[in-house]
Amino acid sequence: MVENNEVELSEAEAEQYDRQIRLWGLESQKRLRASKVLIIGLSGLGAETAKNIILSGVKSVCLLDNEKLKEIDLYSQFLAPSDKIGENRAEASLQRAKALNPMVDITTETKSVDDLPDSFFTNFDIVCATGLKQEQLERINNICRDNNKKFLCGDVWGTFGYMFADLVDHEYSEEIVQHKAVKRGPDDTEKNARETVSITVKRRAIYVPLQNALSADWTKPELRSRLRRGDPSYFVMKILLRFRDEYNRNPDPAKRKADTEILLRMRDELVKELSLPVGFVSDALLTNVFGIVSGAAAVVGGVIAQEVVKAMSQREPPHNNMFFFNPIKCVGFVELYGQ
Amino acid sequence: MVARVAGVFDEKLTGAIANSKILVVGAGGIGCEILKNLVLTGFPQIEIIDLDTIDVSNLNRQFLFHKEHVGKSKAQVAKDSALSFNPHVNIVAHHDSVISNDYGVSYFKQFNIVMNALDNRVARNHVNRMCLAANVPLIETGTAGYAGQVELIKKGLTQCYECQPKAPQKTFPGCTIRNTPSEPIHCIVWAKHLFNQLFGEEDPDQDVSPDTADPEAAGNAGASALSSEGNAAGNIERKSTRTWAAETNYDPEKLFSKLFGDDIRYLLSMENLWKKRRPPTPLSWDNLPGKDDPPTQHSGLPDQRVWSVHECAQVFAASCIALQAELKGHPEGDHLVWDKDDKSAMDFVTACANIRAHIFNIPLKSRFEIKSMAGNIIPAIATANAIVAGLAVLRAQSILTGEIESCTSVYLRPKVNHRGQLFVPERTLTAPNPKCYVCAPKPEVALACNIKQLTLKDLTTAFKDGLNMQAPDATVEGKGLVVLSSEPGETDHNNHKTLEEIGLNDGCALLVDDFLQNYEVRVRLQQEDDEKSWRLVTDPNEPMPAPKDDKPANGANGSDEPKPGPSRSRDDSDSDMEIVEEDDGGEPIVKPPKRRRTEMSDEIVELC
């Protein structure tokens, strides 16, 4: 749980964060200012997420990445300048990340997550991971769970994206606006002024770990009934995570045709495995999953960062537990898996 | 030179982007994000227009700007920052208002898509018309707090920005402001008017003295003693507040005694007003509540502490002196312009609003809260802007590949709806309103007014404020008689003549056009004896809302902020809000989705 920082905001902070303090209140801003965030994977999605979180005014952000900056990153990764191709992605992003908000402490870590001890991840209040394999994600998620730290992960492939959240046992406050008539003056009977009164309600949300969400049992009737809603995004995510696990990479634009064929084959296998209706996961969703398209990275990075803000400020209901962006329909929705 | 890496997009989209030219209007929260997405995606030709300069309060979301850029041109800095992401694209930046002769229909025609990232209705209306005239698809965006929306506007295919009548601006009767305030906002409006009376542009509609023409006070015995002072309009013939203040050399104590003592005593003499209301309590400078109170413990921002009346009086005095000094520094006849970010101006309004609130037994507010209300501040965050801009650029990509029919409006909701949706696309494009006075093939509207009283000057105002024209020309249909000319001086001599005096009558039609907007509308005059001002009527069964549209808070084109998405209506916001009742995509819809817009911006004072 993030400790509430009792130190008042400086005038500079109040000025810079004015427009958001007016939305989420001073308490939230103070909680944000005490939050330590780890961002794993400085792809375009990582950069978008980092940007929004740094702008919000957290205490610190650590950028973790062991990969080198590639040309394809430049389609969406605006933190790393193009002349740093070949350098470490986190380090290449440091200067611009710092410039976004000098009041946030920004550091980098260039080791692979596999080479970092469990204790590394527990230095943070929340971890946002992108670009990792399922096994790596589950390891970090479990470390976070065991230490009551928040965990988020997500990816964008082409224009498609998802997010998963495990906030463990999360307490938050929600503001509910009520209207009530008020009387002014002794005989003020007609046309009473209406005042809005906002009351704050404490709530709690319980989350499940990633492995539960990713192994949702589609034979169960409650999940089967979801198929009627007709959105195949969960399966698209499954296919793309499988592709990454199996080939140790993301679909490659240079192998657009071959990789599309692989993806469609993997789709057919999954459809069989989970006895999904034929044609449920359309080709269209699996043919534009190359690279990271800037617009989609902005959308999913915006959602992830907003969930970090909600989780850290303990204000407003966070999404439980998966968000999908289906670019074909331009719909973004939240569903609970694995309970 | 678009695709840096082949295969990210299919060939069709790659080619379409390579040959595209995009205009982004506004380099604020959404504009910065749109520009970033366009540049990274490799859109090769981009122009961006914004008249604003960078403020510290922008930095929590307008990420192309840093502290060292404060005070500089948004358009220029946005261009420079964005070019560092991809130096291979061509960006033209205009530090300018989009409402200008320089950006005519032929200018708009050169673009494949125009993307709006504006914060005010006036500029949105204008760009809407330019895109209709140029027949260029317009992607209209907006956010307010957590909510936002992206909407396509295309001539003949979708409704335009002006197809749905906007809900009236929030208005307050002048007598409520001047005589019987009952809510903090009434006192804040009064305090802003007082600022203008003392230091700003004097506006007769913003009188702050007691209004003796208040119908409620009619036949009032208490006022009769003073009636000898009254003029025909019922107002007391006095010196203007400004003249009087100048003669006292803006002596804070004397100003205070008049505004919060004498004027209140005068109001008390209008006894009818207080039969059913709690009467106000006049204050005297020497004996103010809170004078001897110990300083209260306060946690929170200094601005969030509510001042005592005594403190308000101190701030009132200090800000009066500071503002007077500032006014003296201006050339003779010039005036100050109220700005929420100017310390003295904001202090003055906070102090005056609270002192008046105390007098009328209305809860006092902190400077922080009053700033929101007086400055129409719409909360804004990075994430909502990023999401809306991301969706907007994805929609632009679809338009370029010929999938314009699929580009329905998308709403970003503050919380998921009952179907778990956070971004909610509409199922179909919304067809144009055939009665729209802007995008209909032959636009037509009725102007309800009293032809015997409405002057030509008022008519110009009706065309500018009601029909959102910039430089209207009007001729009488069938006669060709020029009633109004946008050429300076041509028809000015008629300004004070009534419509009747220049030969117009009930049912006669004017052809009104704006050359700049390439927009012509037929306006039928409709005589209404009771109409005090004027009113636009598109459909006899569905009258248009209130006529007046106030000036945008932050200039004519600017940053992000709204005309935002479907969310609960918020009584505490003065933002442009759009509330959309979404259709439930899961069920077959029987009727077309209902839409209603309730937009609000600056407060307006109605005539009583």
What donor-acceptor contacts under 3.5 angstrom involve side-chain atoms of residues 296-304 of chain A, with partners at least two apart or in another chain?
none

Exercise. If you measure only the distance, is there a donor-acceptor pair under 3.5 Å linking the side chains of A:Q16 and B:N60?
Worked result: no
Exercise. Are A:F323 and B:F423 an aromatic pair by the rule of ring centers under 6.0 Å?
Worked result: yes
Problem set entry | Which atoms of B:L301 approach chain A - backbone, side chain, both or neither, heavy atom under 4.5 Å | both
Problem set entry | Parallel, tilted or perpendicular, as decided by the 30° and 60° cut-offs, for the rings of B:Y146 and A:W24 | tilted
For this session: Can you label the angle between the B:F85 ring and the A:F78 ring as parallel, tilted or perpendicular, going by 30° and 60°?
Result: tilted
Exercise. Tell me, side chain or backbone of A:Q29 under 4.5 Å from chain B's heavy atoms, or both, or neither?
Worked result: neither
Exercise. So what's closer than 4.5 Å to chain A heavy atoms on B:V410: side chain, backbone, both or neither?
Worked result: side chain
For this session: Using the test ring pair (Phe, Tyr, Trp, His ring centres under 6.0 Å), find all partners of A:Y172 that sit at least two apart in sequence or belong to another chain.
Result: A:H170
For this session: For B:E33 and A:K51, run salt bridge (Lys or Arg N to Asp or Glu O under 4.0 Å): C-alpha distance rounded to whole Å, both residues' side-chain angles, the deciding distance at 0.1 Å, then the answer.
Result: CA-CA 11 Å; B:E33 286 282 339; A:K51 172 202 66 187; 2.5 Å; yes
For this session: Let me know if A:E13 has heavy atoms under 4.5 Å from chain B in its side chain, its backbone, both or neither.
Result: neither
For this session: Kindly compute the distance separating CG (A:D18) from CG (B:D303), expressed to the nearest 0.5 Å.
Result: 8.5 Å
Exercise. Chain B heavy atoms under 4.5 Å from A:E11: which part of the residue, side chain, backbone, both or neither?
Worked result: neither
Exercise. Side chain, backbone, both or neither: which part of A:V293 has a non-hydrogen atom closer than 4.5 Å to chain B?
Worked result: side chain
